[in-house]
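One structure is given below, encoded as structure tokens.
No hydrogens, no waters, no symmetry mates; every other heavy atom, side chains included, goes into these values. Computed from a predicted model, the values in this text were never measured in an experiment.
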Amino acid sequence: MDKQFWMINRWIRFHLIVFFCVGLCTLLGCNTNNRSAADDEIQRTSESQLNKAEVEASHTLCRLFWQDGDAGTICAANLCSTENGFVAKELSVAGLKQLDVEQNAFAQMQIVGKSLIVSVRDNSDGNEGSGWLVIDTGVEEEYHGDHSHWHYNRSPKLQSETIDANHGNPAHVYRYGQRVYIAQDKRNGFSMIEFNNGLTSDKFFEGGGGHITIAALGGQIAYASWIDRTGDNAGRIDVVDLKGNGVKPKYSFRLPSGGIHGATACGNRVFFAPSDGVYWVDCDYDFEKSNDTVKLNHLSLGDKENSGYRTGSFESFANHVLCIANCKGSAPALCVIDGTTPSPKVSRYICEDIEPGQRLSTLRAVTINSKPYAIAFAESKDLQDKLLVFALDQNGDRKFDDLKLIKSIDIGNSKVEGHSGHHGIDFIHERNDAVITNPGDGTLQILDMNEWKISKTLQVNGQPTRILTLGGIQ
């Protein structure tokens with residue numbers, strides 16, 4: 001009986017308290033249903049602004065650097081992922097002067113660590129002012145063993161300028177490991193640039209001539225080519241000791257054909273692109289060979305019916321060497337060489353499905369979701385430019401002998417004039433996205449490499465050409 005009375009009493013007291021609280025809230029106007037629309041809107045707007053600011057601050061994906069051929073400058077931007085998609089927050093490069101586009105032009109560029117190296121040419125064979133720029137990107141990597149944190153607190157700035165009448169009008173700029181090699185065509189040599197705690201040092205070596213291409217291995221040895229098609233230097237390769245005290249080549253050898261316009265290293269081999277197919281040699285780390293003892297190995301980029309295919313540049317990708325091969329009167333081909341097998345062979349895909357008059361350019365390779373792909377651009381003045389996607393290893397055997405074109409994507413326009421005005425592309429670290437440039441309409445486009453489609457077009461104006469990305473998610 002006492003227990004029953006206690007329970008009834010507790011029930012009454014609980015409901016009396018609830019009734020009192022509801023009434024009090026009503027009198028004080030605290031019922032949330034009585035909030036004005038204006039009050040509600042102010043709160044939502046405030047939250048939206050805060051979230052957008054947080055998103056933009058915490059979702060910087062990388063920093064972009066691209067060349068603007070119209071303005072003669074290097075542009076920079078933080079690429080951010082926001083509630084409304086991708087945004088390029090443009091930055092200025094402190095201390096950087098615009099080029100006189102009538103006299104100078106940018107050529108190739110590379111990134112090592114937090115430094116961007118850009119070669120500069122002039123229209124007077126290097127006699128007016130050529131060389132290179134080193135730009136401090138302002139990007140800091142905080143390494144944590146299995147991952148990194150990236151910081152974008154500093155703006156980019158010009159770190160040093162090496163431009164005068166004594167640096168040989170460079171065109172090709174290579175990165176092998178943590179070193180950069182700048183070909184100085186009019187000096188018949190190249191500079192090796194090393195980086196140490198943000199400081200740079202460079203050393204000049206004689207080697208190569210005319211329009212030099214370079215393959216270097218381990219900071220120990222370099223192979224530098226001559227562009228000559230005829231004469232004493234046709235097919236000539238200079239072999240240079242990068243560790244020794246001298247600056248002259250240790251020895252030279254010659255390929256059977258000249259006009260060499262490409263070189264790269266893959267594994268312990270070096271590959272060259274003369275006017276006839278591809279030649280490769282084993283790397284001579286001990287400098288024991290000579291012109292008479294170097295074993296030359298030839299690979300045709302064509303077939304028995306058409307052996308006239310040739311290439312002018314390479315893309316090294318893991319154990320493979322990729323190149324675009326062209327032949328007058330025939331469709332271009334994507335060629336892949338396994339650079340580490342005992343007897344390398346060429347696998348080809350003839351791009352018969354591109355429009356007549358289009359040429360392939362700007363070859364890059366990338367791994368997406370553990371699968372290898374190659375990307376190239378089909379360019380033309382009068383036809384729709386396209387980005388082509390090739391699956392390199394459809395059956396997963398790692399041989400890359402079943403490569404196939406799987407996607408053709410409409411993109412913006414190129415503006416090809418001589419060696420300039422091509423599309424550029426680079427990949428965003430730790431994401432399946434890439435950024436491409438469209439020189440003909442002043443835009444950047446974001447390529448979604450999961451779906452292989454353009455997910456965003458960003459207007460930047462000018463003539464964006466070569467592009468590099470640095471950093472990961474902030």
Side-chain angles (χ1 to χ4, degrees), residues 61-64 79 81 86 110-113 141 143-148 150 174-178 264-269 271 311 313-324 333-341 344-349 351 360-378 386-409 411 423-437 444-456 466-473:
L61 303 178
C62 65
R63 183 163 287 179
L64 309 176
L79 183 66
S81 177
F86 295 97
Q110 298 286 346
I111 287 179
V112 175
E141 180 182 11
Y143 187 61
H144 290 273
D146 61 344
H147 70 284
S148 292
W150 297 90
Y174 299 88
R175 174 183 171 179
Y176 293 102
Q178 298 301 305
T264 194
C266 182
N268 289 316
R269 290 173 176 160
F271 294 78
T311 189
S313 63
F314 296 113
E315 167 82 350
S316 290
F317 181 61
N319 293 333
H320 293 80
V321 175
L322 287 68
C323 64
I324 294 169
L334 173 64
C335 298
V336 179
I337 304 166
D338 189 335
T340 59
T341 59
K345 297 180 180 179
V346 178
S347 299
R348 298 190 310 155
Y349 181 86
C351 301
L360 299 188
S361 73
T362 320
L363 176 64
R364 294 292 304 275
V366 63
T367 299
I368 300 297
N369 300 323
S370 301
K371 296 181 180 179
Y373 297 90
I375 294 172
F377 295 93
K386 296 181 181 293
L387 182 146
L388 307 181
V389 182
F390 300 85
L392 296 177
D393 189 18
Q394 296 183 90
N395 62 11
D397 65 1
R398 301 183 182 182
K399 294 181 179 179
F400 291 16
D401 57 1
D402 57 346
L403 64 157
K404 182 180 180 181
L405 177 66
I406 61 168
K407 193 79 172 181
S408 177
I409 305 168
I411 56 173
H423 293 283
I425 183 170
D426 205 9
F427 307 108
I428 302 175
H429 181 61
E430 295 181 339
R431 288 180 62 94
N432 291 344
D433 297 292
V435 187
I436 67 174
T437 61
L444 308 179
Q445 289 183 305
I446 309 301
L447 173 66
D448 179 343
M449 296 187 291
N450 286 317
E451 301 292 334
W452 294 114
K453 66 179 183 180
I454 299 299
S455 59
K456 185 76 172 182
R466 298 178 181 91
I467 189 168
L468 291 173
T469 68
L470 179 61
I473 298 175

Check: Side chains of I436 and T362: closer than 4.5 Å at any heavy-atom pair?
Finding: no
Next item on the list: Supply the atom-to-atom distance S81 OG to K456 NZ, rounded to the nearest 0.5 angstrom.
Entry: 10.5 Å
Item checked: Note, L79 side chain near I446 side chain (heavy atom, < 4.5 Å) -> yes
Notebook entry, point to check: Can you check whether L447 reaches W452 side chain to side chain, under 4.5 Å on heavy atoms?
Noted result: yes
Margin query: Students often mix this up, so state it plainly: with edges at 30° and 60°, are the rings of F390 and Y349 parallel, tilted or perpendicular?
Written below: perpendicular
Next item on the list: Could you walk me through whether C351 and L405 pass side-chain contact (heavy atoms from CB on, under 4.5 Å), step by step?
Entry: CA-CA 8 Å; C351 301; L405 177 66; 5.8 Å; no
Notebook entry, point to check: Where the side chain of S316 meets the backbone of C266, is there a donor-acceptor pair that is under 3.5 Å apart?
Noted result: no
Next item on the list: For the pair D402 (side chain) and N395 (backbone), establish whether a donor and an acceptor sit closer than 3.5 Å, ignoring hydrogens and angles.
Entry: yes
Next item on the list: Show your reasoning for whether side-chain contact (heavy atoms from CB on, under 4.5 Å) applies to D448 and I454.
Entry: CA-CA 6 Å; D448 179 343; I454 299 299; over 6 Å; no
Checklist line | K399 bridged to D401 by N-O distance under 4.0 Å | finding: no
Notebook entry, point to check: Between E315 and A365, is there a donor-acceptor pair closer than 3.5 Å when you use the side chain of the first and the backbone of the second?
Noted result: yes
Note to self: Measuring only between side-chain heavy atoms, which start at C-beta, is Y174 closer than 4.5 Å to T264?
What the structure shows: no
Check: Can you tell if the side chain of L61 reaches within under 4.5 Å of the side chain of D433, non-hydrogen atoms only?
Finding: no
Notebook entry, point to check: Where do L334 and L388 land on the side-chain contact (heavy atoms from CB on, under 4.5 Å) test, with the steps shown first?
Noted result: CA-CA 11 Å; L334 173 64; L388 307 181; over 6 Å; no
Checklist line | side-chain contact (heavy atoms from CB on, under 4.5 Å) between C335 and T311, worked out | finding: CA-CA 9 Å; C335 298; T311 189; over 6 Å; no
Checklist line | 4.5 Å side-chain heavy-atom contact, M449 and Y373 | finding: no
Item checked: Reported NZ-to-NZ distance for the pair K386 and K407, which is rounded to 0.5 angstrom -> 11.0 Å
Next item on the list: Going by the side chain to side chain contact (heavy atoms under 4.5 Å, CB included) test, name the single residue among I337, D338, V321 that passes it with P344.
Entry: I337
Checklist line | Electrostatic pair R466-D426, nearest N-O below 4.0 angstrom | finding: no
Next item on the list: Take the angle between the ring planes of F314 and F271 and call it parallel below 30°, perpendicular above 60°, tilted in between.
Entry: perpendicular
